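Below is one structure, written out as structure tokens; comments come after it.
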Amino acid sequence: MYFVKALGLIVLLCGWAAASRASKRCPGYIATRITETENGFTALLKINGQPCDKYGQDIASLTLSVRFDTSNRLHVHISDTEKTQYQIPQWIVPLDEGVGADKRHRSLEFTHTHDKTNGFGFRVQRDGEAIFDTTGHVLVFEDQYLELTSKVAVDANIYGLGESPNWFRRNPDNTTITLWNRDAADPFGENVYGSHAVYMELRSESAKFHGCYLHNSHGMDVVLAPGTVQYRVLGGTLDLYIFSGPTALDVIDQYTQLVGRPARIPYWALGFHNCRYGYTSVREVNQVIANYSRARIPLEAAWTDIEYMDKTRDFTFDAVNYPVSEMKKQLDALHSRGQKMVLITDPAIHVDDAYGTFVRGRDQDVFIKNADESLYVGQVWPGYTVFPDWFAANTSEWWSDELRRYFDTLSIDGMWIDMNEPASFCTGSCGSNRPINEIPARLSTASHRFINTTNRMLVPPYAINNPEPELSDKTVETTAIHATGVAEYHVHNLYGHMESRATRDFLLAYRRNQRPFILSRSTFAGSGALASHWTGDNSASWTDLHVSIASVFDFGVFGIPMVGADICGFYGNATEELCARWMELGAFYPFARSHNAKGYAPQEPYRWASVAKATRRALRVRYALLAYMYSTYQDAVDHGWPVARPLVFEFPSTHFAANDKQMLIGCCILVSPVLTKGARSVDAVFPPGRWYDWYTHAHVDGHNAMVTLDAPLEHINVHIRGGCIVPTQRPEMTTTQVRQNDYELVVATHANGTAVGQLYVDDGESFDMRHRWVDFSYDANVLYVAPRSGTMHVERPVASLVLLGVVGVRTVSVNGVRVECSIAVTPNSVVVTGLNIDLNTKSRIIVS
């Protein structure tokens, strides 16, 4: 009770102090010493009056650097002239500098102004329209507080900024989005595992997108208010990048060109995955694998959570329940069927003199420390733990050596790195001065300490909207010190990103020329170049089912397209109906995995007849579309484009600005899931054009209007966009089996009788591989097949065509020669089988 009262008093006093500071009028800055450069200019910004010290100490002298990096990207950097503020090193997040753009080749224009009240401001315009405009708002630049405000539309369509479970279109009216990596079970509207200070805005009048990224690792609030977006940052510099778009995909292309393109994935990652926190033994996991097979539900990879470890310690195996010998047998059995194994690893290392990983790390000086140079000791699953310091000189080598020992013992197929915000169950170095091998009596129930409000690194003058009593709660304390001397306060949000980099570096060296698969909970800008992501510890609720779509869209903006949510929910008991609907939707996440927590009812899809049926039906569509999805993912590798997209990305209109109830896969496949309990129909919006039902091939003519579709429990509505040619293959139980089948092209014609499509093929495993891009086009009853690039020989031919919106087909000729084939005419399609069209050469197919 005393703590609660004390905390309340502290909050009251801090709130009064914050209000007092907020009422101060800050002087802003004035620009002097403007110097033209080849691709922009520099200037000195001097404080324009008496310091206000709003939430820290005003910095009197700043440097402004303006550079047009490319024709569509502008870099505006406001930094302290003395260079004492922390900036993210290039080796942590390598940024593309661009070749520079002279005045003739710029799609953006930069101007700056000065007014007596607010001082320096700047405006960025595209085609005469201001897309970032700080004029009329004062710039605040202090050691522990930066404030920058830009004008936006009053009812702005803003997307991105997170990680925060929320609706995809951010509420532009008095919404605060906090960036501070945090172990939290997906509370709606709060900060969770990752930090991404990038947003894109759709201007309703022009139907054009633009984007902005703030390159800063400190905690921050981004406040959306009617007509403004405001950054409130706990340190560092204002390192801004403006992207001109004008399409949504252009913005993401421009952003990922800067921070890094998404990593190549192994083909098998697109299969269906299963996990549960709570499998008691390798024998139970074997039974689960067998149950999937008996239920005829595809299973690509079997995952195991921390139960496989000895006392939940990294790189160990429980000798009784998960003996190495049995794990090897499981792995061999999976591989014999074309399946994979993925296991979990946490960064926290148990403090135990008998634990080799800890001893070797301590001897190599690789762990984060307290200010007095003692080891920082937190508390995670094994008990008292230390945390790898990714800044230390020996950490990468130590981490690689521990992973090598681990993989030499059991050569798993992928790595799942969790708890890497980093998470800790106590506040501060709670294990300091404790016996070396002590196990805390009550794991994760340590009482909160009294808050030291005089330490500005623990309690900054400006309090971001982090729901915990302290920034240090549930993580490493902000005063902990890294090997370079930098405090955790400055680099907290980089931890998971840096672990992903160290893990990827090991896998690239250990399995040369083989694509790693890494799934990370914590991410930062550029993490898509290193790892994939799942959206964390969600709940088995209809709200979380809906929010999962928005979260997948968010990570498309963030440049991490391989993303999905725990299907059927992690916490809570999923009902049969909810799990059926979630399996239907989850079958179309780029990363599709069922996962739930121990203590709750198991929810593997074979446990209910209706869920098993719904899963088989939905996964049959996914596996048929694997070639299309893999081709779409290659667009992500090349351009950053998301695999799962909101309608507004393809149809930039206010009709779709807030639509996160439907999902496009690429630009051609529209998924309309049921998100409401008890519903047996779904209201779907169809954009202009023709849309063909995946199952019946009947078409809907879209007019931006709502259409009610039947949706029995085991059915999810899927439509093919008219004008698309979609490559498919016969679905099987594994991705390897699917790839051995011939291709079928679904030619879904536009109302004008045309369609286009593409196929990307490579070996699905290596980097140093041959590939093949093939283009398809259809017009006036002629299908053209044209290899675009690459030298890979595509083994499987096109054996069949499904022609939608085409009538009167009686004969087929290939390159002028009539071929014997079977032609089946239905009310909604023409199906041609018995073909053998080589994808390695040009072909002209006439259907008449």
Side-chain angles (χ1 to χ4, degrees), residues 26 29 45 47 53-67 75-95 132 134 138-150 161-162 177-181 191 194-199 212-223 229-242 258-259 390-391 421 456-466 471-472 475-476 478-482 484-498 523-527:
C26 294
Y29 290 82
L45 300 182
I47 197 164
D53 296 336
K54 189 173 183 179
Y55 293 108
Q57 295 181 347
D58 281 33
I59 297 177
S61 178
L62 307 177
T63 299
L64 168 67
S65 172
V66 177
R67 183 177 189 267
H75 182 194
V76 180
H77 190 192
I78 302 174
S79 60
D80 60 311
T81 304
E82 298 296 324
K83 299 188 181 300
T84 59
Q85 295 286 100
Y86 184 79
Q87 298 184 43
I88 303 171
Q90 177 77 356
W91 68 270
I92 296 177
V93 184
L95 297 182
F132 199 90
T134 74
V138 69
L139 165 65
V140 181
F141 200 114
E142 299 173 347
D143 58 345
Q144 284 190 267
Y145 182 74
L146 315 178
E147 182 178 297
L148 184 71
T149 307
S150 173
L161 299 172
I177 301 166
T178 300
L179 277 62
W180 182 256
N181 294 359
N191 53 302
S195 290
H196 298 271
V198 60
Y199 76 83
C212 179
Y213 167 59
L214 175 61
H215 189 56
N216 188 302
S217 59
H218 291 79
M220 70 180 77
D221 286 337
V222 184
V223 181
V229 55
Q230 183 179 79
Y231 296 93
R232 302 173 183 175
V233 192
L234 296 183
T237 66
L238 293 168
D239 198 0
L240 286 164
Y241 293 85
I242 314 295
L258 173 69
V259 301
W390 308 113
F391 290 87
E421 292 73 36
R456 288 159 49 104
M457 299 297 281
L458 286 176
V459 184
Y462 175 76
I464 60 173
N465 197 36
N466 181 49
L471 289 179
S472 301
T475 189
V476 169
T478 52
T479 59
I481 301 298
H482 293 270
T484 55
V486 65
E488 175 71 5
Y489 175 92
H490 302 291
V491 298
H492 167 78
N493 288 338
L494 298 172
Y495 194 90
H497 176 87
M498 295 180 75
T523 59
F524 191 74
S527 288

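Just so we're clear, the structure is a prediction, and the values are computed from it rather than from any experiment. In what follows, every heavy atom counts, from backbone to side chain, and hydrogens, waters and symmetry copies are set aside.
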Check side chain to side chain contact (heavy atoms under 4.5 Å, CB included) between V491 and all other residues, then give those that pass, not counting sequence neighbours. Y86, F391, H482, V486, E488, L494
Contact summary for [X] and [Y], nearest pair of heavy atoms:
X	Y	answer
Q85	G236	NE2-O, 3.0 Å
Y199	V229	OH-CG1, 3.8 Å
C212	L240	SG-CD2, 3.6 Å

When you compare the side chains of [X] and [Y], does any donor N or O come within less than 3.5 Å of an acceptor on the partner?
X	Y	result
T478	H492	no
D239	N216	no
T178	N466	no

With rounding to the nearest 0.5 angstrom, report the CG to OG1 distance, N181 to T523. 7.0 Å
If we ignore hydrogens and angles and just use 3.5 Å, is the side chain of [X] paired with the main-chain N or O of [Y] as donor and acceptor?
X	Y	answer
S61	T81	no
H497	I92	yes
Q87	T237	no
E421	Y495	no
W180	L471	yes
Y213	V259	no
S217	H490	yes
D143	Q57	yes

Taking side chain as C-beta onward, heavy atoms only, is [X] less than 4.5 Å from [Y]?
X	Y	result
I464	N191	no
L148	T134	yes
P460	R456	no

Among E147, Q144, M220, exactly one meets side chain to side chain contact (heavy atoms under 4.5 Å, CB included) together with V233. Which residue is that? M220
Partner of N465 under side chain to side chain contact (heavy atoms under 4.5 Å, CB included), picked from D221, V223, V222, is D221
Look at the aromatic rings of H75 and Y241 and report parallel, tilted or perpendicular, splitting at 30° and 60°. parallel
Test side chain to side chain contact (heavy atoms under 4.5 Å, CB included) on H218 and N493; report intermediate values, then the result. CA-CA 7 Å; H218 291 79; N493 288 338; over 6 Å; no
